[in-house]
2 protein chains.
Amino acid sequence: MTKQAQFFQTALELIHEKGFKAMTIRDLAKALSCDPANIYNYVRSKADLLDQLLFEISAEFHRGIDEILQSGLTPPQQIEELIRQHVELSAQRPLQVGLLVNEWRNLKDSRLLEFVGERNAYEQKVQQILRQGIRTKYFRDFDPELICFTVLGCLRWQHSYNLRSQIEHQNPLRVREEIRRFVLPGLLI
Amino acid sequence: MTKQAQFFQTALELIHEKGFKAMTIRDLAKALSCDPANIYNYVRSKADLLDQLLFEISAEFHRGIDEILQSGLTPPQQIEELIRQHVELSAQRPLQVGLLVNEWRNLKDSRLLEFVGERNAYEQKVQQILRQGIRTKYFRDFDPELICFTVLGCLRWQHSYNLRSQIEHQNPLRVREEIRRFVLPGLLI
DNA sequence: GTCTATAATTCGATAGAC
DNA sequence: GTCTATCGAATTATAGAC
């Protein structure tokens with residue numbers, strides 16, 4: 001692992017453990033066995049650290065759902081693919097995914113607004129899948145906005161499950177199948 | 001509203017807006033149009049403020065699920081009642097419910113451990129309902145731990161929905177019915 | 001890249017008069 | 001209960017030598 005990768009990995013672990021606001025530059029330096037001043041070789045400021053980590057993973061989710069929207073899959077297949085993406089990212093990078101839930105509030109002013117904009121856009125894309133499914137009679141006639149929140153609620157807790165539960169439960173294929181069998185019957189006609 | 005109620009309500013609004021760590025005693029005093037020193041007429045310390053708010057709402061959820069476990073309802077009915085309780089609390093007290101998701105990490109040492117213990121106990125109670133439902137053939141044979149997380153994921157996002165969405169969508173009866181029709185088919189045989 | 005030293009600010013909390 | 005004044009500690013970030 002490069003020094004830069006080690007830096008961001010350690011930062012992620014510390015943010016997860018204490019929260020971004022509570023983690024200090026000194027804590028991070030200590031965990032990296034270096035001096036606090038060295039932190040600024042990797043990031044401009046503490047705010048810049050959170051900024052990079054958050055927008056990188058946000059963009060990852062957008063790339064995923066944009067692929068889905070252009071895939072030509074049926075709406076139920078698109079939801080299955082959405083589940084697969086969330087399970088995979090939550091398994092491979094649970095700490096960074098966790099930031100999207102726990103730490104976005106700590107972004108600074110204009111960047112906070114940008115992030116909320118991206119999050120709203122993501123939810124609109126999910127609603128687009130749901131509305132298309134209702135229109136084409138794959139899905140029953142539910143409230144797309146409310147069910148969007150509910151489905152994303154199911155998926156957004158995966159990262160903490162991966163961090164808290166036993167290792168043998170983290171088989172992504174099994175997790176994906178369990179969630180698929182829970183979510184789809186609630187949507188289909 | 002009593003002065004004490006006004007104090008805690010304003011604190012909740014400020015914590016929701018900025019996060020507990022970022023909210024300062026001075027911010028709170030300004031919002032209450034009083035002096036920073038006066039804050040300590042209501043709480044011993046800043047940590048004590050979060051402590052009271054968090055454990056009070058945690059106890060509320062435990063009271064609810066304990067009633068369910070002693071109710072004699074069938075497992076599907078118990079899940080319906082669980083949904084009702086979450087929807088109701090998330091509608092009536094969204095800010096305080098939000099603390100359970102966003103701010104528990106900021107509790108101090110021993111109290112943090114106590115809170116995590118209470119949260120784990122709550123999840124065990126939900127799993128108890130699910131296991132009972134599987135055993136009595138109401139529910140299909142899913143993984144109780146994973147589905148517990150998934151169901152609670154659906155429910156734990158209600159508070160932010162109530163804070164972000166349009167007022168006409170906040171009819172608890174409608175929300176409850178939408179979620180019920182989404183969740184139950186994923187559980188039943 | 002690494003360190004020492006420290007500037008500049010902000011915070012939680014208290015003492016004590018009214 | 002309310003205020004003035006302030007202490008002591010902790011924080012981010014930088015300057016500058018190596």
Side-chain angles (χ1 to χ4, degrees), chain A residues 1-56 99 102-112 114-115, chain B residues 1-56 99 102-112 114-115:
Chain A
M1 187 153 28
T2 69
K3 268 200 166 179
Q4 170 157 326
Q6 182 62 55
F7 169 80
F8 282 107
Q9 179 59 31
T10 304
L12 272 172
E13 290 168 6
L14 229 56
I15 293 171
H16 172 256
E17 183 187 334
K18 319 182 74 164
F20 175 75
K21 266 282 191 181
M23 179 204 72
T24 69
I25 298 293
R26 286 169 174 79
D27 290 335
L28 183 50
K30 193 170 183 180
L32 289 163
S33 302
C34 75
D35 199 84
N38 291 53
I39 302 301
Y40 299 92
N41 294 331
Y42 301 97
V43 289
R44 288 173 174 281
S45 66
K46 191 185 174 191
D48 180 43
L49 169 61
L50 181 62
D51 200 281
Q52 289 192 42
L53 290 170
L54 262 174
F55 280 90
E56 195 276 332
L99 298 184
N102 295 316
E103 304 294 355
W104 60 272
R105 227 177 269 263
N106 293 312
L107 289 169
K108 297 285 179 190
D109 301 326
S110 67
R111 292 294 274 170
L112 175 61
E114 284 182 50
F115 176 83
Chain B
M1 187 156 25
T2 69
K3 268 202 166 179
Q4 170 156 326
Q6 182 62 55
F7 169 80
F8 282 106
Q9 178 59 31
T10 304
L12 272 172
E13 289 168 6
L14 228 55
I15 292 171
H16 173 256
E17 183 186 333
K18 319 182 76 165
F20 174 75
K21 266 281 193 182
M23 178 203 73
T24 68
I25 298 293
R26 287 167 174 79
D27 290 334
L28 183 50
K30 193 170 184 180
L32 288 163
S33 301
C34 74
D35 199 85
N38 292 54
I39 302 302
Y40 299 92
N41 295 330
Y42 302 96
V43 288
R44 290 173 174 280
S45 65
K46 193 186 173 191
D48 180 43
L49 168 62
L50 181 62
D51 201 281
Q52 289 192 42
L53 290 170
L54 262 175
F55 280 90
E56 195 275 332
L99 298 184
N102 295 317
E103 304 293 355
W104 60 272
R105 228 178 269 264
N106 294 311
L107 289 170
K108 296 285 179 192
D109 301 328
S110 67
R111 293 294 274 170
L112 175 62
E114 283 182 51
F115 177 82

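In what follows, chains carry the letters A, B, and so on, assigned in the order in which the sequence lines appear, proteins first and then strands, with residues in each chain numbered from 1.
Contacts between residues 27-42 of chain A and DNA chain C, counted as heavy-atom distances below 4.0 Å, involve A/Cys34, A/Asp35, A/Ala37, A/Asn38, A/Asn41.
Remark: the A/Asp48 side chain and the A/Ser45 side chain contain no N/O donor-acceptor pair separated by less than 3.5 Å. The closest side-chain donor-acceptor pair between B/Gln6 and B/Thr10 falls under 3.5 angstrom. No donor-acceptor contact under 3.5 angstrom links the side chains of A/Gln52 and A/Glu56, judged on distance only.
When all heavy atoms of A/Cys34 and A/Ile39 are compared, the pair lying nearest together is SG-CD1, 4.4 Å.
You can see that DNA chain C meets the heavy atoms of chain A within a 4.0 Å-exclusive cut from C/dG1 to C/dT4, reading 5' to 3'.
Contact check for A/Leu49 versus A/Phe8: side-chain heavy atoms found under the 4.5 Å cut-off.
Note that CG of A/Asn106 and CZ of A/Phe115 are 11.5 Å apart. Values are rounded to the nearest 0.5 Å.
Nearer to the 5' terminus of DNA chain D, by closest-nucleotide assignment, is the contact made by A/Ala22 (compared with the other of A/Ala22 and A/Arg44).
In this structure, A/Lys46 is not positioned above the aromatic face of A/Tyr40 in the sense of NZ or CZ being under 6.0 Å from the six-membered ring centre and within 45° of the axis.
Side-chain atoms of A/Asp51 do not come within 3.5 Å of backbone N or O of A/Ala47 as any donor-acceptor pair.
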